[in-house]
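Residues: numbered from 1 along the sequence shown.
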Amino acid sequence: MAPASAQPKEWLIARLAEFHGVLAEMGSDFTGLAARVAELSDRYDQGRFRLAVLGQFKRGKSSLLNALLGEPLLPTGVLPLTAIPTLLRYGPERRVRVIRLDGRQEEHVGTADALTQVLTRFVTERENPANRLGVAQVEVDHPSALLANGVEIIDTPGIGSTLPHNTEMARHVLPVCDGALFILSPDPPITEIELQFLRLVKEAVARVVFVLTKADLLPTPERAEVLAFLQRVLHEQAGFRAEERIFTISARQALEARATASAPLLSESGITALETYLADFLVTDKQAALQEAVRTKAARMIGEALFALDLQRRVIDLPREDLERRAARFDAHLETMERERVYFHDRLAGDRQRLLAELDRLADALVEPATKALSACAETVRGETGAGIAGAELPRRISTLLAEEVDRVFGQAARELSAAVASRFHAVQDLHCRELEHLIDRVRRTAADLFEVPCLDTAAVDRLETVREPRVISQRWVTSFTEEAGVWITWLLPRRLRAKRFDRRLRETIAYLVRRNVEEIRWATRQNLEETFRQFEARMDAQLDAAIGHIRTAVRAALERQARREAAGLPELERLKGFRPRLTQLLAELSPPGKATSYGSPL
């Protein structure tokens, strides 16, 4: 038989259909896995190759995509994106589709400039901090020739920014992607964070294409030096080829060339070489890369099915007394693990209290710099009074200046506090996720040892993405102040008394604004953090329950089946035995060349 990489499309679709059929025959315990196989087959049948654009914050990912699209559609800037990947796919007209977490959808059609404003509102950290608008996904239809060739591009948040949830979301995108454009830039060429992430990327996708952006910032000799350095590091520390091709691109020059129809500038930008490579890839290699990605994902699913099947077979095959004895031993192990679950919750509760105490400390630390900032604003007001502003206008002028300063100071403070709390939460989360992964691994290995079946390696447990950022509404405080504005109408008093009254009221107002805003940030962040801990704890329990419950269900079902078999002679064991050779054969056929997957020998 020809190697899997040379097989026609129909061959792989038939293998996936066979796998789906086997899962359907195996029973309701495998319904969820069957649904995943069906989705994978559907995407492969439609030829949708998903290409993730990955890289560290400020590398120029969105700028590069704009250059490939031929117009500045995606928002760019110095702020990181929120944890909302943007899916670009072909459409005859420009269209933005916003899908909310509650299921609502809205569509926007218009010019590139109009749609850029829409995207800025929903996917930038400035306009939608910590996804307070509740966006689940943003999809962009675009009449690009690149997209018309059957590729879907996912523009991901940058890794390594001050927003840890962006790195997490970029990681979560990998399992649904088939290839990646990994974006680098000269400042610096590559970091340890990128190398760590690249190792995950290399294992998760079939193709990785490297692009060095901002190439116009490097003189030609330095550019060659940077490329040689990158090739060496990628080979020695990430396992890529020694002569890995790296495209050098200036997105700025490419967009300028498109706007001015300058062919020489377009060629100089480097975008033409990348477009030619991608076009050739989509014509000659896309199907092979997509097939390799689909085979890899399908092989992993078969491993999951084999573990569950072997467990079911083994418990049914055991004599009833032996099965009951082993089940009792497994339950005894579970009692120990349940105690560890209690310790897990205790440690998590302790970390929650420590993080809440840290939140209070960080919030208290906002008071002094905020007071100084608003006091500086007050000095501006003092200077304006000396310039002769009329008494009737002064309260409105003070309200305007303080409102602007409150919005600036506490908006920034809320973002910085949220980022600090999120960073600490993710450090706590990673620690507890590793503990849980170890516990789930022990559950599976205990079951594998007790029932003498091959053990499936534990997959990483799901992480939460972020702690939501509090929303500060400065107008609330300004309204409270202006409601007392009559107190400020003191201009009929003698000048000296008027100045003292003015200074006192200004200090009182600043203290009020600082106190109320700090407490608002503290309260909102505390509520968000406690809700995040509740969600995390519930998710961890659910994943542990799933690992334990699946084994318990198999044991209980086996006891029931044995009772029925003893009563009626049902051939359940023989029925299940027939599935393993079929799954093993599919695993051998679907494993990509050089990545043969061995789950375990038949029982």
Side-chain angles (χ1 to χ4, degrees), residues 1-5 7-45 175 203 206 290-318 440-441 443-445 447-459 546-547 549-551 553-555 557-558 561 565 570-603:
M1 183 173 60
S5 59
Q7 297 294 345
K9 177 180 179 180
E10 293 76 11
W11 175 88
L12 181 52
I13 291 177
R15 300 288 80 72
L16 293 173
E18 182 180 353
F19 182 25
H20 186 273
V22 171
L23 293 173
E25 292 180 45
M26 289 167 65
S28 59
D29 291 345
F30 299 88
T31 300
L33 193 56
R36 290 164 56 194
V37 174
E39 190 278 334
L40 187 67
S41 179
D42 180 64
R43 182 161 66 85
Y44 178 67
D45 188 27
E203 293 299 319
L290 180 57
Q291 187 176 107
E292 181 180 349
V294 171
R295 286 202 316 272
T296 300
K297 290 175 172 61
R300 291 171 183 164
M301 294 180 191
I302 294 173
E304 295 179 40
L306 280 167
F307 175 73
L309 175 65
D310 284 347
L311 184 61
Q312 284 191 4
R313 288 179 52 212
R314 182 57 176 165
V315 297
I316 290 175
D317 194 33
L318 289 170
I440 291 176
D441 185 59
V443 169
R444 288 184 171 176
R445 291 190 180 279
D449 291 342
L450 280 174
F451 299 105
E452 301 172 0
V453 297
C455 185
L456 179 68
D457 290 338
T458 301
H550 181 79
I551 299 169
T553 299
V555 173
R561 286 166 179 161
R565 185 175 59 186
L570 293 177
E572 180 65 13
L573 181 61
E574 292 303 317
R575 187 185 78 86
L576 289 175
K577 283 183 178 179
F579 293 123
R580 199 182 203 284
R582 295 163 66 184
L583 288 174
T584 303
Q585 179 62 32
L586 281 170
L587 182 61
E589 294 178 358
L590 289 171
S591 295
K595 298 182 180 180
T597 303
S598 176
Y599 165 69
S601 302
L603 299 175

Q291 and P8 have their tightest heavy-atom pair at NE2-O, 4.0 Å

Minimal non-hydrogen separation, R295 against W11, with atom names:
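Smallest heavy-atom distance, with atoms named: CD-CZ3, 4.4 Å.
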
Nearest 0.5 Å, what's the [atom1]-[atom2] distance between [X] and [Y]?
X	Y	atom1	atom2	result
I302	L587	CD1	CG	5.0 Å
L40	L12	CG	CG	8.0 Å
L450	R445	CG	CZ	13.5 Å

Only counting residues at least two apart or in another chain, list the ones meeting side-chain contact (heavy atoms from CB on, under 4.5 Å) with D449.
none

For A305, which residues count as a side-chain contact (heavy atoms from CB on, under 4.5 Å) partner, sequence neighbours excluded?
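In terms of side-chain contact (heavy atoms from CB on, under 4.5 Å), with neighbours along the sequence ignored, A305 is linked to F19, L23, L33, L583.
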
Does E25 have any salt bridge (Lys or Arg N to Asp or Glu O under 4.0 Å) partners at least two apart in sequence or in another chain, and if so, which?
R582

Applying side-chain contact (heavy atoms from CB on, under 4.5 Å) to L16 and D45, what does each step give before you reach the verdict?
CA-CA 10 Å; L16 293 173; D45 188 27; over 6 Å; no

